[in-house]
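Every chain is numbered from 1, with letters handed out A, B, ... down the list of sequences.
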Protein chains: 2
Amino acid sequence: MVSTSALAETAAALGEPARVAMLGALMDGRALTAGELAAVAGVAPTTASGHLSRLLEAGLLAVERQGRHRYHRLASPEVARVLEGLMALSAARPAPRRALRTGPRDAALREARTCYDHLAGRLAVGMADAMVARGQIQLSPDGGALTDAGADFLQGLGVPVPVARGRPFCRPCLDWSERRPHLAGALGAALCLRCLDLGWMRRVPASRALDVTPAGRLGLRQAFGLDRADQSSTISAAR
Amino acid sequence: MVSTSALAETAAALGEPARVAMLGALMDGRALTAGELAAVAGVAPTTASGHLSRLLEAGLLAVERQGRHRYHRLASPEVARVLEGLMALSAARPAPRRALRTGPRDAALREARTCYDHLAGRLAVGMADAMVARGQIQLSPDGGALTDAGADFLQGLGVPVPVARGRPFCRPCLDWSERRPHLAGALGAALCLRCLDLGWMRRVPASRALDVTPAGRLGLRQAFGLDRADQSSTISAAR
DNA sequence: GGGATGCTTCGGTGGCGCCCGTAGCATGGG
DNA sequence: CCCATGCTACGGGCGCCACCGAAGCATCCC
C-alpha cells in the first residue's frame with residue numbers, strides 16, 4: 001500500500017503547532033511573507049524557513065517570489081477544506097482539562113471570521129440559519145441547495161449567483177466554534193465577497209477575524225433579521 | 001488561539017505510518033481487535049497498544065469491549081472524511097521519485113474498494129460518470145443532487161433512496177486513485193449496501209478491496225453500461 | 001558602491017517519541 | 001484451579017526533528 005505512508009507524511013507536516021499557526025494565518029486565502037509567518041508562529045525566521053520548506057515539500061503551500069519577498073499561500077482550496085475538517089475533529093474532543101481560557105482575540109474569531117473564502121463564526125451560522133428557516137437554502141451534512149426563493153433573495157442583495165454546470169454550488173461547512181453548519185462553496189464565497197464590497201464588514205489585519213461595521217449591523221438586520229446579541233468581546237472566561 | 005494546537009495534536013496523531021495503516025484498515029467501517037490492527041500495521045502488539053491509546057485520546061477511534069477483545073472502529077464518519085481528504089491531498093503531490101512499484105494488492109484496490117460506507121475506485125468513478133452522463137445525478141466540487149430520472153433509476157435497482165429533510169443527500173468524494181469524483185453521502189452508502197446485498201461484489205477479508213462477482217459484472221453492464229475493461233490484477237509496473 | 005533588509009543554509013543542542021522485550025492484569029476454556 | 005489468550009504498563013535504546021545563532025546569498029534603497 002503506497003498511499004498510507006504518503007498520508008502520514010502529509011499529516012506529519014500538519015502535526016506541529018508552529019506550522020499549523022502559519023497555515024491558520026493563511027486560511028483567509030491571502031499570501032504572507034516568510035517573515036510575517038515567522039511572527040505569527042512565534043519562532044525565529046530561521047526556524048520558520050525550515051517549516052515553510054517542509055510545508056512546501058508536502059504540497060500544502062504554494063510560493064511566489066516578488067522582489068526580495070517570498071509570498072506563501074495555501075496550495076489549493078482543498079488544503080483549506082482539510083484544515084477545516086481537522087479543526088472540527090479537534091474541537092469535537094471532550095474539553096481537555098479545565099476549559100482553557102478564552103482571550104478577547106478568540107471571542108472576536110468566534111463572532112465573525114473568514115474560513116478561507118467564506119464567512120464563519122456565530123454570525124455566519126446565524127445567516128445560514130435564517131436562510132434555511134425562510135426556505136432559501138437547504139443544508140444537510142451531505143450537501144446544500146439553493147431554492148428559487150433563495151436565488152431571488154441573493155439577487156436582491158446584489159450577490160452574483162455563481163453559475164455551475166449543474167445546480168449545486170452550495171456546500172455546508174461545519175463551523176468549529178459553533179459546531180453547526182454555515183454556508184461554504186462557491187455560493188458562500190460570493191456572499192462573503194459581497195458583504196466585504198458592501199462595507200458590512202472589514203478584515204482585521206493579521207487575523208482571520210472580521211469587524212462588523214455599523215452599516216453592516218443595519219444591513220444584516222434588514223436582510224437576515226439578525227439582532228446581533230452583541231456580547232462585548234472583552235469577556236474573558238474566568239479560571 | 002486555542003484551536004491551532006489542538007489541530008496540531010490531532011494531525012500529529014495521524015503523522016505516523018503505523019497509525020495510518022491502522023486507520024486505513026478501519027476505513028471500511030468495521031471494528032477490528034488490537035491484535036488484528038497490530039498485524040495490519042506490522043508492529044508488535046505492545047507497540048500497537050500505544051498507538052491505539054494515542055488515537056483514542058485524539059478522539060479518532062472508539063472502542064468497545066467484548067469479552068477479552070477490544071474492538072476498535074473509527075470514532076465517526078467525519079474521521080473517514082478527513083482521511084479521504086488527506087489521501088487526496090497526498091496523492092496530489094507530484095510523483096515522489098521514480099514511480100513506486102505497484103503491487104497486485106494496490107491494483108485490486110484501485111479497481112474497486114469501499115471508502116468508509118460507499119464505493120470507490122475505478123468502478124465507482126465509472127458508475128458516477130454513467131449516472132452523470134444520463135442526467136441522473138449532478139456533481140460539482142461543492143455538492144451533488146439527484147434528479148427525478150435518477151430517483152427512478154435507483155428505485156429500479158432496489159436502492160432505498162434516503163429521505164433527507166431537504167433534497168441533498170448526495171455528496172461527491174474525490175477518489176484518491178482516480179483523482180475524479182465518485183458518489184458518497186447517504187446516497188452513496190445506500191448504493192454500496194445494495195450492491196453488496198445483490199451479491200454484485202463481496203468484501204475481500206482484511207482489506208478494503210471489493211471482489212466483483214460474475215453476477216455483478218452482468219448487473220453493472222446492464223444497469224450502468226460498464227464494460228469493465230478488465231485489466232488483470234497481476235500487472236506490476238516495471239521499474 | 002555601500003548598507004540595509006529578507007531569507008536561507010549550516011552546525012550544534014536538547015527533547016520527544018517510535019520501537020521492542022519483559023512483566024503484569026483481565027478474561028475465558030479445560 | 002491452572003493454563004492460554006488478549007491486551008496493557010514499564011524501562012531502555014535510538015533516531016528524528018524543533019529550535020536557535022552565526023554566516024552567506026539575493027534584492028532593493030540611497
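C/dC7 atom C1' lies 15 Å from atom NE2 of A/His51, rounded to whole Å. Atom CG of A/Leu52 is separated from atom C1' of C/dC7 by 10 Å (rounded to the nearest Å). Counting to the nearest Å, the P atom of C/dC7 and the CG atom of A/Leu55 are 15 Å from each other. As rounded to whole Å, 15 Å separates atom P of D/dC17 from atom CG of A/Leu14. For A/Met22 and C/dC7, the CE to P distance is 11 Å, given to the nearest whole Å. For the pair A/Leu32 CG and C/dG6 P, the interatomic distance rounds to 14 Å; values are reported in whole Å. Atom pair A/Glu16:CD and D/dC16:P shows a separation of 17 Å (rounding to whole Å applied).
Taking each heavy atom of A/Ala75 and A/Gly59 in turn, the nearest pair found is CB-O, 3.3 Å. Residues A/Thr114 and A/Cys192 approach most closely at CG2-SG, 4.5 Å, considering heavy atoms.
Closest-nucleotide positions on DNA chain D for B/Gly50 and A/Arg54 were compared, and the one nearer the 5' end corresponds to B/Gly50.
Here the rule is side chain to side chain contact (heavy atoms under 4.5 Å, CB included) with A/Leu74, and of A/Asp28, A/Leu55, A/Leu60, A/Leu26 only A/Leu26 fits it. In summary, of the residues considered (B/Arg113, B/Arg122, B/Arg180), a salt bridge (Lys or Arg N to Asp or Glu O under 4.0 Å) with B/Asp175 occurs for B/Arg113 alone. Tested against A/Met22 for a side chain to side chain contact (heavy atoms under 4.5 Å, CB included), the candidates A/Leu61, A/Leu32, A/Val40, A/Leu52 yield a single pass: A/Leu52.
For C/dC7, the OP1/OP2 oxygens have no side-chain nitrogen or oxygen of A/Arg65 closer than 4.0 Å.
With B/His69 contributing its side chain and B/Gln66 its backbone, the two residues share no donor-acceptor pair below 3.5 Å.
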Identify each atom pair where a protein N or O and an N or O of nucleotides 12-14 of chain D are less than 3.5 Å apart, giving names and distance.
none

Please produce a list of atom pairs where a protein N or O lies less than 3.5 Å from an N or O of nucleotides 21-23 of chain D.
unit_1 : atom_1 : unit_2  : atom_2 : d
D/dG21 : O6     : A/Thr46 : OG1    : 2.9

Check nucleotides 4-7 of chain D against the protein and report each pair of N or O atoms closer than 3.5 Å, with its distance, or say if there are none.
unit_1 : atom_1 : unit_2  : atom_2 : d
D/dT5  : O2     : B/Arg68 : NH1    : 3.3
D/dC7  : OP1    : B/Ala34 : N      : 3.1
D/dC7  : OP2    : B/Gly35 : N      : 2.8

